[in-house]
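Scroll down for the structure; my scribbles are underneath it.
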Amino acid sequence: MKPSSTTRLAVPPARRTTIRLASFLLLFIAELSFHMTYVDSLIYPLRTITRTRYDDQHSKLLVQSTAPVDTSTKDLIPTIVEETETPSPHIIFPGGGIFFYYQAGLVHFLRENKYDLSNCTFAGASAGALTASLTATDVDFYEATDLALSMAAKAGVWDRSSGLQGIWGPMIEDWLDTLLPPSIESIQGKVTLLVTPVPSFGKTKISHFVDRTDLIQCNIASVHLPWFLNGKWTSNFRNQPHIDGSFLSKTQDYFPPASQSRPTIVLDWKEDPKMRARGGLDIVEALTPDGIYGLLDQGRVYGKIMEERGIFETLKKT
């Protein structure tokens with residue numbers, strides 16, 4: 001039987017608490033490493049000015065450059081200064097466990113308010129990898145949530161003393177397999193997912209995928225919390241063990257070369273004071289259905305606040 005909207009799972013036994021604490025510690029370290037580098041690199045770049053030089057005699061285009069024009073050079077006149085269009089932004093989704101649904105609510109806000117995401121690039125790690133993949137493939141997040149809750153009910157998540165522990169990984173894999181479109185060609189080079197190879201614990205950026213299965217396995221590697229997801233220490237991706245992609249990640253890890261000239265938007269639950277006050281073990285908690293939909297709704301609410309602050313001004317509307 002599903003719990004009521006105010007019911008939470010009973011206090012878990014000592015073993016489950018230990019595993020949850022370990023998973024939370026991993027996510028905490030990942031979040032700390034991300035926010036320690038969340039500084040100048042995420043300031044919106046100014047619009048670039050393109051200076052076009054023409055040959056005075058033949059009126060032929062010679063050079064296009066963003067470098068300053070030497071006005072003392074008399075043989076390159078006139079100099080035409082024109083403002084180029086700002087490219088669509090690069091959107092970053094840091095990790096956040098169950099708070100994936102909050103990020104989903106933010107994306108839903110953008111979509112329902114007619115923001116054009118079609119030319120954006122995306123990067124994500126851990127749960128943020130799921131958000132990035134589903135955003136880029138235009139999956140409806142409320143339909144995705146309905147499916148996730150249906151699968152959780154069939155798996156008896158709310159009746160299990162261990163909640164999501166040990167079964168969350170296989171559920172995510174089946175969920176993605178149902179949601180993702182048959183072809184992923186349109187997102188090649190558009191989505192960057194972070195994975196953490198073991199034992200180096202470095203960071204690998206994956207922007208091109210062999211096929212649909214490879215995309216799914218990349219997501220599974222990026223969300224892998226040791227023990228918690230499927231009872232295993234690591235997740236195998238491209239014949240190499242990996243753990244959670246947000247572990248020890250830095251801001252620059254979320255920028256593939258092609259996106260570094262774009263303005264940046266970060267959709268992070270920790271920027272919302274209401275969400276920041278929660279945090280803790282809620283990250284890996286099996287919330288009730290109403291709790292899940294509450295995260296979606298809070299994402300939409302904070303999306304409005306971000307809009308009023310001008311954070312989405314580099315996004316076009318359709």
Evaluation steps, salt bridge (charged side-chain N to carboxylate O under 4.0 Å, His left out), between Arg111 and Asp138
CA-CA 10 Å; Arg111 288 173 173 172; Asp138 204 28; 3.8 Å; yes
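- For His242 and Phe237, the ring centers are positioned less than 6.0 Å apart.
- Residues Ser126 and Asp244 have side chains that bring a donor and an acceptor to within less than 3.5 angstrom of each other.
- Using a 3.5 Å distance cut-off with no hydrogens or angles, the side chains of Asn113 and Glu307 do not pair a donor with an acceptor.
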Given side-chain contact (heavy atoms from CB on, under 4.5 Å), test Asp214 with Asp211 step by step and report yes or no.
CA-CA 5 Å; Asp214 192 58; Asp211 52 27; 3.4 Å; yes
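- For the pair Val195/His224, no side-chain contact is recorded, criterion being any heavy-atom separation below 4.5 Å from C-beta on.
- Residues Tyr142 and Trp175 share a hydrophobic cluster, clusters being chains of Ile/Leu/Val/Met/Phe/Trp/Tyr side chains in contact below 4.5 Å.
- Asp174 is not listed as a side-chain neighbour of Met171, based on a closest heavy-atom distance of 4.5 Å or more.
- Taking all atoms of both residues into account, the shortest heavy-atom contact from Thr131 to Ala104 is CG2-N, 4.3 Å.
- Across Lys203 and Leu194, no two heavy atoms sit closer than the pair CD-CB, 4.1 Å.
- Looking only at distances, a side-chain donor or acceptor of Arg262 sits under 3.5 Å from a matching main-chain atom of Ser88.
- Nearest heavy atom pair, residue Val198 against residue Phe201, reads CG2-CE2, 4.1 Å.
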Start with the C-alpha gap between Ile91 and Leu117, add the side-chain angles, then the distance that decides, and say whether side-chain contact (heavy atoms from CB on, under 4.5 Å) holds.
CA-CA 9 Å; Ile91 301 180; Leu117 305 180; 4.0 Å; yes
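- Both Ile305 and Leu110 are members of a single hydrophobic cluster when ILVMFWY side chains are connected at heavy-atom separations under 4.5 Å.
- Counting all heavy atoms, side chain and backbone alike, Thr196 lies closest to Gly202 at CG2-O, 3.5 Å.
- Here the side chain of His90 pairs a donor or acceptor atom with the backbone of Tyr254 at under 3.5 angstrom.
- Taking the six-membered ring for Trp and the full ring otherwise, the centers of Phe99 and Trp269 sit less than 6.0 Å from each other.
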Run the side chain to side chain donor-acceptor pair (under 3.5 Å) check on Ser118 and Asp116 step by step: do they pass?
CA-CA 6 Å; Ser118 62; Asp116 184 7; 2.6 Å; yes
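- In the model, Tyr293 has a side-chain atom that pairs as donor or acceptor with a side-chain atom of Asp146 under 3.5 Å.
- Annotation for Gly97 and Ala127: closest pair O-CB, 3.3 Å, computed over non-hydrogen atoms.
- Counting only distance, with no hydrogens or angles, the side chain of Lys190 and the backbone of Asn119 share no donor-acceptor pair below 3.5 Å.
- Here the straight-line distance linking atom OG of Ser133 with atom CG of Leu215 works out to 5.0 Å at 0.5 Å rounding.
- Between the side chain of Asp253 and the backbone N or O of Lys250 there is at least one donor-acceptor pair closer than 3.5 Å.
- Contact between Arg212 and Leu180 at its shortest, heavy atoms only, is NH2-O, 2.7 Å.
- Not one N or O on the side chain of Gln298 forms a donor-acceptor pair closer than 3.5 Å with the backbone of Gly105.
- Between the side chain of Lys205 and the backbone N or O of Phe255 there is at least one donor-acceptor pair closer than 3.5 Å.
- Side chain of Tyr302 to main chain of Glu271: a donor-acceptor pair is present (N/O by atom type, distance under 3.5 Å, no hydrogens or angles).
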